[in-house]
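To start, the structure itself, in structure tokens.
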Amino acid sequence: MSILRKNFFERSTPKVARELLGKFLYFKLSGRTAKFVITEVEAYDGPYDKASHAHRGKTKRNAPMFGEAGVWYVYLVYGMYNMLNIVTGPKDYPAAVLICGIKLLRSPTPKLHFGSPTPDLNGPGKLTKFLKIDRKFNNKKAIPKNNLWIEDKGVKIKKSQIKTSPRIGVDYAGEWKEKHYRFYL
DNA sequence: ACGATGATGAAC
DNA sequence: TTCATCATCGTA
């Protein structure tokens with residue numbers, strides 16, 4: 001058993017983000033389970049990160065970021081895209097990792113038509129639209145019971161496979177926009 | 001380069 | 001109660 005739990009997520013956010021690459025996202029739909037590999041993530045780390053929702057303090061929306069690690073934080077941007085994040089760091093330290101890219105490895109049902117056999121879902125808005133992940137998952141633990149969780153299958157990712165860059169769409173974040181908090185394979 | 005589309009948070 | 005803004009994406 002290799003389900004990633006609180007102890008994995010309750011650490012330095014950039015470290016967790018980097019280590020999430022090559023881990024597996026599972027999504028259960030009507031009894032069947034789809035498996036994806038995580039290919040792109042972004043770290044949003046702490047109260048001083050100007051790109052983070054937590055920068056202006058705790059609000060109703062960002063409250064999950066201040067809670068226990070290993071819990072989903074899902075919110076709507078631009079009126080149409082749900083963003084899927086996993087909460088990181090200690091309780092009361094607001095941080096999360098945005099899941100930006102995944103690749104489908106196994107389809108949940110033959111019936112459920114995913115278009116391409118192994119679609120590359122590159123973009124945080126695309127993957128949630130594809131999976132129909134919305135705020136029903138907000139503030140829910142990442143465990144099988146909730147139909148959305150992450151596993152470590154022991155696949156080793158070499159450092160040379162990991163690229164970094166500034167985060168996307170946060171040009172307003174001053175000096176924080178330069179930080180290499182985006183990690184991708 | 002821009003519009004779609006609606007929740008959010010700050011100001012009034 | 002109003003208003004600008006927004007961790008995006010598809011079309012042009």
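Note on naming: letters A, B, ... go to the chains in the order of the sequence lines (proteins, then strands), and numbering restarts at 1 for each one. When reading the values below, keep in mind they use all heavy atoms of this one structure, side chains included, and skip hydrogens, waters and symmetry mates. Predicted model, so just to flag it, every value in this text is computed and none were measured.
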A:Y73 vs A:V71, test: side-chain contact (heavy atoms from CB on, under 4.5 Å). Steps then yes/no. CA-CA 7 Å; A:Y73 170 46; A:V71 169; over 6 Å; no
Pick base, sugar-phosphate or nothing for A:G125, based on heavy-atom distances below 4.0 Å to the nucleic acid.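 A:G125: backbone/sugar contact only, no base atoms under 4.0 Å.
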Looking at every strand, decide which applies to A:K126 at a 4.0 Å heavy-atom threshold: base, sugar-phosphate, or nothing.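 Sugar-phosphate, no base atom in range.
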Should A:F36 and A:L105 be marked as a side-chain contact (heavy atoms from CB on, under 4.5 Å) after you check the CA-CA gap, both sets of side-chain angles, and the distance that decides it? CA-CA 5 Å; A:F36 303 83; A:L105 299 176; 5.8 Å; no
In sequence, state the C-alpha distance, the side-chain angles, and the governing distance for A:E42 and A:Y44, and then conclude on side-chain contact (heavy atoms from CB on, under 4.5 Å). CA-CA 7 Å; A:E42 287 179 5; A:Y44 289 84; 2.6 Å; yes
OP1 or OP2 of [N] under 4.0 Å from side-chain N/O of [X]:
X: A:R61; N: B:dA7; answer: no
X: A:Y81; N: C:dT8; answer: no
X: A:H53; N: B:dT8; answer: no

[X], nearest nucleotide to its side chain (from [options]):
X: A:R135; options: C:dT8, C:dC6, B:dT8; answer: B:dT8
X: A:M80; options: C:dA7, B:dT5, C:dG10; answer: B:dT5
X: A:T59; options: B:dG9, C:dA7, C:dT8; answer: B:dG9

Pair A:T128, A:N82: side-chain N/O donor-acceptor within cut-off below 3.5 Å: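 Short answer, no.
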State whether a side-chain donor-acceptor pair under 3.5 Å links A:N122 with A:K126.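 Side-chain D/A pair, A:N122 to A:K126: present.
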For atom P, what is the distance between C:dT2 and B:dT5, given to the nearest Å?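 About 22 Å, rounded to a whole number of Å.
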From [atom1] of [X] over to [atom2] of [N], roughly how many Å is that when rounded to an integer?
X: A:M83; N: C:dC6; atom1: CE; atom2: P; result: 15 Å
X: A:R56; N: B:dA10; atom1: CZ; atom2: P; result: 6 Å
X: A:Y44; N: C:dC6; atom1: OH; atom2: P; result: 12 Å
X: A:L76; N: B:dG9; atom1: CG; atom2: P; result: 13 Å
X: A:N62; N: B:dA7; atom1: CG; atom2: C1'; result: 14 Å
X: A:Y78; N: C:dC6; atom1: OH; atom2: P; result: 7 Å
X: A:N122; N: C:dT8; atom1: CG; atom2: P; result: 13 Å
X: A:D134; N: B:dG6; atom1: CG; atom2: P; result: 14 Å

Hey, mind stepping through A:V97 and A:L20 against side-chain contact (heavy atoms from CB on, under 4.5 Å) and telling me if it holds? CA-CA 9 Å; A:V97 172; A:L20 276 175; 3.9 Å; yes
Base of B:dA7 paired with side chain of A:Y75 (donor-acceptor, under 3.5 Å): no
So does A:R167 pair up with A:D49, basic N to acidic O under 4.0 Å?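 Yes, this pair counts.
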Answer yes if A:I150 and A:V87 sit in the same cluster of Ile, Leu, Val, Met, Phe, Trp and Tyr residues linked by side chain heavy atoms under 4.5 Å apart, and no otherwise. no
For DNA chain C, produce a single dot-bracket line, 5' to 3'. Pairs: Watson-Crick or G-U wobble, both distances under 3.5 Å. Symbols: ( ) within strand, [ ] crossing, | other strand, . unpaired. ||||||.||||.
